[in-house]
Amino acid sequence: MKKVLDKQFFNRKTLAVARDLLGKYLVRKTGKKIRRYKITEVEGYVGSHDLASHSSKGKTERNEVMFGEAGRFYIYLVYGMYYMLNVVTEKKDYPSAILIRGVEGLSGPGVITRELKINKKFNGKSASRKTRLWFEDGGKINPRKIKKTPRIGVHYAGPVWSKKPYRFILEE
DNA sequence: ACGATGATGAAC
DNA sequence: TTCATCATCGTA
């Protein structure tokens, strides 16, 4: 039985957690069926000073879970059609999260939530077997296969923050 | 290159 | 209450 990643895992520096999530597994249980997906692409959103982060506008109804405990899901709707799957990191009141952008076999954050049937009901829930959506440990990965690039779709964050290399990709 | 589609936050 | 914007995707 693989180890389930707990609050301790996520209660660390966001960018460290983001790197560490590559090669780990996103696990979804629907009915009796369990599916496991190796995580291949993530983005860090790193505190209220990060102008690309929803939390840079302060606490609102939408983003309040970012201000809460690590290891919970932050789910929101973009473009009226797609849910984004994030997991909250760092200590309470340090608003930060990681967007799961890609897993093996599924490319794109909107595709992941559509395929895994993830919606706003998961917002604020802890990642655990109980919620039927969780993370598990994976095998060792080669650190040389981790690529860093700027985040996607965050031009609004301005010249500095839109270019921060907070997107992590696991090359095959 | 662009339209689908609706919640969100800020302005008024 | 209105308005512009949006951490996207599939079709063209």
Side-chain angles (χ1 to χ4, degrees), chain A residues 5 9-26 28 35 37-90 93-127 131 133-135 146-171:
Chain A
L5 303 185
F9 177 87
F10 296 101
N11 187 17
R12 296 183 291 136
K13 289 283 189 184
T14 303
L15 299 182
V17 179
R19 276 192 302 268
D20 289 349
L21 268 181
L22 295 176
K24 302 288 192 296
Y25 289 85
L26 175 65
R28 175 71 165 121
R35 287 176 283 172
Y37 300 87
K38 185 185 279 191
I39 297 170
T40 56
E41 182 183 349
V42 296
E43 282 176 2
Y45 290 85
V46 142
S48 51
H49 58 289
D50 177 357
L51 297 184
S53 175
H54 290 170
S55 62
S56 66
K57 296 183 175 178
K59 193 188 281 188
T60 67
E61 196 172 357
R62 176 174 66 166
N63 69 18
E64 73 171 312
V65 355
M66 291 186 82
F67 291 75
E69 289 180 19
R72 300 188 178 220
F73 296 115
Y74 169 44
I75 314 284
Y76 64 90
L77 187 69
V78 263
Y79 302 114
M81 313 184 77
Y82 301 102
Y83 291 104
M84 298 289 104
L85 169 63
N86 298 253
V87 57
V88 175
T89 54
E90 311 216 24
D93 294 320
Y94 190 92
S96 52
I98 293 166
L99 171 64
I100 310 298
R101 283 196 70 86
V103 299
E104 214 165 60
L106 299 175
S107 181
V111 174
I112 292 174
T113 52
R114 194 184 62 200
E115 291 300 309
L116 302 201
K117 304 200 190 314
I118 294 166
N119 57 39
K120 241 187 153 168
K121 289 178 188 170
F122 287 92
N123 190 48
K125 299 272 174 62
S126 292
T131 54
L133 182 61
W134 67 95
F135 297 92
I146 298 177
K147 192 169 129 193
K148 287 162 56 165
T149 83
R151 292 170 291 186
I152 303 298
V154 296
H155 54 87
Y156 58 83
V160 175
W161 286 96
S162 66
K163 291 175 187 149
K164 295 276 188 186
Y166 291 173
R167 176 174 176 233
F168 300 88
I169 302 170
L170 180 62
E171 295 178 323

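Just so it is clear: chains get the letters A, B, ... in the order the sequence lines come, proteins before strands, and each one is counted from 1.
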Enquirer: Find the distance between CG (A:Leu106) and CD (A:Glu41) and round it off to the nearest 0.5 Å.
Expert: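 Going from CG on A:Leu106 over to CD on A:Glu41, the span is 12.0 Å.
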Enquirer: Testing A:Pro95, A:Ser53, A:Ser96, A:Ser56 for side-chain contact (heavy atoms from CB on, under 4.5 Å) with A:Ser48, which one passes?
Expert: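 The option that passes is A:Pro95.
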Enquirer: Kindly compute the distance separating CG (A:Leu77) from CG (A:Asn123), expressed to the nearest 0.5 Å.
Expert: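 Result: 11.5 Å between the selected atoms.
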Enquirer: Using heavy atoms and a sub-4.0 Å distance, could you list which residues of residues 57-64 of chain A are near DNA chain B? By number, please.
Expert: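 Listed by number, they are A:Lys57, A:Thr60, A:Arg62.
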Enquirer: Test A:Phe135 against every option in A:Phe10, A:Tyr25, A:Tyr37 by the ring pair (Phe, Tyr, Trp, His ring centres under 6.0 Å) rule and name the one that passes.
Expert: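 Going through the options one by one, the only one that passes is A:Phe10.
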Enquirer: Determine, stepwise, if the pair A:Lys59 / A:Asn63 fulfils side chain to side chain contact (heavy atoms under 4.5 Å, CB included).
Expert: CA-CA 6 Å; A:Lys59 193 188 281 188; A:Asn63 69 18; 4.1 Å; yes
Enquirer: I'd like the 5' and 3' limits of the part of DNA chain C contacted by chain A, with heavy-atom contacts below 4.0 Å.
Expert: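 Going 5' to 3' along DNA chain C, contacts run C:dC6 to C:dG10.
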Enquirer: Partner lookup for C:dC9, please. Criteria are Watson-Crick or G-U wobble with both distances under 3.5 angstrom; report none if nothing qualifies.
Expert: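 Partner of C:dC9: B:dG3.
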Enquirer: Give the first and the last nucleotide of DNA chain B, reading 5' to 3', that has any atom under 4.0 Å from a heavy atom of chain A.
Expert: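 First-to-last contact on DNA chain B, by the 4.0 Å heavy-atom rule, is B:dA4 to B:dA10.
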Enquirer: Using heavy-atom distances to pick each residue's nearest nucleotide on DNA chain B, tell me which of A:Tyr82 and A:Lys120 is more 5'.
Expert: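 Nearer the 5' end of the strand: A:Tyr82.
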Enquirer: When rounded to the nearest 0.5 angstrom, what distance separates CD1 in A:Ile169 from OG1 in A:Thr40?
Expert: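 Interatomic distance, A:Ile169 CD1 to A:Thr40 OG1, rounded to 0.5 Å: 8.5 Å.
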Enquirer: Does NZ or CZ of A:Arg12 lie under 6.0 Å from the centre of the six-membered ring of A:Phe9, at an angle within 45° of the ring axis?
Expert: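 Ring-cation test returns yes.
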Enquirer: Checking all strands, does A:Met84 fall into the base, sugar-phosphate, or nothing category for heavy-atom contacts under 4.0 angstrom?
Expert: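 Contact class for A:Met84: sugar-phosphate only.
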Enquirer: Mind checking if A:Gly80 touches a base, just sugar-phosphate, or nothing, with heavy atoms under 4.0 Å?
Expert: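 If one applies the 4.0 Å heavy-atom cut-off, A:Gly80 turns out to touch a base.
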Enquirer: Between CG of A:Leu26 and NZ of A:Lys24, what distance do you get to the nearest 0.5 Å?
Expert: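 Spacing of CG (A:Leu26) from NZ (A:Lys24) equals 13.5 Å.
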Enquirer: Taking for each residue the nucleotide of DNA chain C bearing the nearest heavy atom, is the 5' side occupied by A:Arg114 or by A:Tyr76?
Expert: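 Comparing both residues, the 5'-ward one is A:Tyr76.
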Enquirer: Measure the CG-OH distance between A:Leu15 and A:Tyr166 for me, rounded to the nearest 0.5 Å.
Expert: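 One gets 5.5 Å once the value is rounded to the nearest 0.5 Å.
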Enquirer: Per the ring pair (Phe, Tyr, Trp, His ring centres under 6.0 Å) rule, which among A:Tyr76, A:Tyr156, A:Tyr45 passes with A:His54?
Expert: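 Per the ring pair (Phe, Tyr, Trp, His ring centres under 6.0 Å) rule, the option paired with A:His54 is A:Tyr76, out of A:Tyr76, A:Tyr156, A:Tyr45.
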Enquirer: Set out, in order, the CA-CA distance, both residues' side-chain angles and the distance that settles side chain to side chain contact (heavy atoms under 4.5 Å, CB included) for A:Leu5 and A:Asp20, then state yes or no.
Expert: CA-CA 11 Å; A:Leu5 303 185; A:Asp20 289 349; over 6 Å; no
